[in-house]
Undergrad: 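Please find one structure pasted underneath; my questions will follow.
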Amino acid sequence: MATTVETKLEVRWGECDPAGIVYHPAYIDWFSVARMHFLSAYGVHYMETFHGGDIQVVVTDVACQYMKALRAQQEITVVAQLDELSRVRMRFSYQVFDASGALCAKGHTRHAFVEHGSIRPVNVQKVAPAVWQKLLALPVAHQNT
């Protein structure tokens, strides 16, 4: 089973500053899209799983290192990987490549499982065992159960 999922995107003008260079928050949005595609590729549909049930996922940490500027209308690939999974949190890493294959940015997001409608952390295995079983089927670079 592949441990990464690629998401192809085109840089939109609205993601750029007046000079046509991608504005830094756009990368965080791309991470979110890539994370949802990663989960969906393995049968975990984000909105249904985390917003229609007993638990939600919140971002607790995000980082991005920018290496090469991107501009409007460039084709990019965002590669997402699940690095860690535990009963209370998960961590994804991302790489953003341009059409030539050059690494333009890399980063990560950390997430906590919380009770629906609150920010109280929960053990997903106890609160939503069916969700936990789906998560256990994901390819993880380093498993922390």
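Only a predicted model underlies this, so the values are computations on that prediction, with no experimental measurement involved.
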Undergrad: How far does CD of Q74 sit from OG of S100, to the nearest 0.5 angstrom?
TA: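 These two atoms lie 8.5 Å from each other.
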Undergrad: Without hydrogens or angle criteria, can the side chains of H111 and D61 be said to hold a donor-acceptor pair below 3.5 Å?
TA: no
Undergrad: If two hydrophobic side chains count as joined below 4.5 Å and joins carry through other members, does V78 share a cluster with F97?
TA: no
Undergrad: Applying side-chain contact (heavy atoms from CB on, under 4.5 Å) between V131 and each of L136, D54, T49, report the one that passes.
TA: T49
Undergrad: Please find the pair of heavy atoms, one from P139 and one from A2, that lie closest to each other, and give the distance.
TA: CG-O, 3.3 Å
Undergrad: Nearest 0.5 Å, what's the CD-OG1 distance between E6 and T77?
TA: 5.5 Å
Undergrad: Indicate if L39 and M47 have the same hydrophobic cluster label, given that clusters are the connected sets of ILVMFWY residues with side-chain heavy-atom separations under 4.5 angstrom.
TA: yes
Undergrad: Do M36 and F113 land in one hydrophobic cluster if side-chain heavy atoms of ILVMFWY residues count as linked below 4.5 Å?
TA: yes
Undergrad: Taking the side chain as everything from C-beta on, heavy atoms only, tell me whether V44 gets closer than 4.5 Å to L138.
TA: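 Sidechains of L138 and V44: in contact.
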Undergrad: Calculate, to the nearest 0.5 Å, the distance between atoms CD1 and CG belonging to I55 and N123 respectively.
TA: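 Going from CD1 on I55 over to CG on N123, the span is 10.0 Å.
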Undergrad: Search all heavy atoms of V88 against all heavy atoms of V122 and return the closest pair with its distance.
TA: CG1-O, 3.5 Å
Undergrad: Quick check: do H24 and Y66 have side-chain heavy atoms less than 4.5 Å from each other?
TA: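 Counting from C-beta outward, H24 and Y66 do come under 4.5 Å.
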Undergrad: Working to the nearest 0.5 angstrom, can you tell me the gap between L9 CG and L70 CG?
TA: 11.0 Å
Undergrad: Are Y27 and F31 an aromatic pair by the rule of ring centers under 6.0 Å?
TA: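 Aromatic pair excluded; centres sit 6.0 Å or further apart.
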Undergrad: For Y23, does the OH atom sit with more than 12 other heavy atoms under 6.0 Å from it, leaving out its own atoms?
TA: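 Open: at most 12 neighbouring heavy atoms sit under 6.0 Å from OH of Y23.
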Undergrad: For a quick test of reading the model, state the closest non-hydrogen atom pair linking T3 to Y42 and the distance between them.
TA: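 T3 and Y42 have their closest heavy atoms at N-OH, 4.4 Å.
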Undergrad: I need the minimum non-hydrogen distance between T109 and R35, along with the two atoms involved.
TA: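 Residues T109 and R35, closest heavy atoms: OG1-NH1, 3.4 Å.
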Undergrad: Quick one, F92 with R110, criterion side chain to side chain contact (heavy atoms under 4.5 Å, CB included). Give me CA distance, side-chain angles, the key distance, then yes/no.
TA: CA-CA 7 Å; F92 285 87; R110 286 191 180 97; over 6 Å; no
Undergrad: Could you check if a side-chain atom of F50 sits within less than 4.5 angstrom of a side-chain atom of H45, using non-hydrogen atoms only?
TA: no
Undergrad: Pairing donors with acceptors under 3.5 angstrom, does anything connect the side chains of W13 and Q73?
TA: no
Undergrad: Would V114 and V124 show up in the same hydrophobic cluster when neighbours are defined by side-chain heavy atoms closer than 4.5 Å?
TA: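 No, no single cluster joins them.
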Undergrad: Can you give me the closest heavy-atom contact between Q81 and F38, atom names plus distance?
TA: CA-CE1, 4.2 Å
Undergrad: Check each of K8, K68, R71 against D98 using the salt bridge (Lys or Arg N to Asp or Glu O under 4.0 Å) test, and report the only one that passes.
TA: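 The option that passes is K68.
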Undergrad: Between H51 and Y46, is the gap from one ring center to the other below 6.0 Å?
TA: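 Under 6.0 Å, so yes.
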Undergrad: Does the pair W132 and L85 meet the rule for a side chain to side chain contact (heavy atoms under 4.5 Å, CB included), with working shown?
TA: CA-CA 10 Å; W132 179 242; L85 175 66; 4.1 Å; yes
Undergrad: At what distance, to the nearest 0.5 angstrom, does CG of L135 lie from CE of M90?
TA: 6.5 Å
Undergrad: I need the single residue from V96, V22, T7 that forms a side-chain contact (heavy atoms from CB on, under 4.5 Å) with I76. Which is it?
TA: V96
Undergrad: Might you confirm whether atom NZ of K106 has over 12 heavy atoms from other residues, nucleotides or ligands at distances under 6.0 Å?
TA: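 No, NZ of K106 has 12 or fewer neighbouring heavy atoms, counting only those of other groups under 6.0 Å.
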Undergrad: Should W30 and V59 be counted in the same cluster of Ile, Leu, Val, Met, Phe, Trp and Tyr side chains packed under 4.5 Å apart?
TA: yes
Undergrad: Nearest 0.5 angstrom please: Q95 CD to H108 NE2, how far?
TA: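 One gets 14.0 Å once the value is rounded to the nearest 0.5 Å.
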Undergrad: Ignoring hydrogens, what is the shortest heavy-atom contact between L82 and R91? Give both atom names and the distance.
TA: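 What the structure gives for the nearest pair is CD1-O, 3.4 Å.
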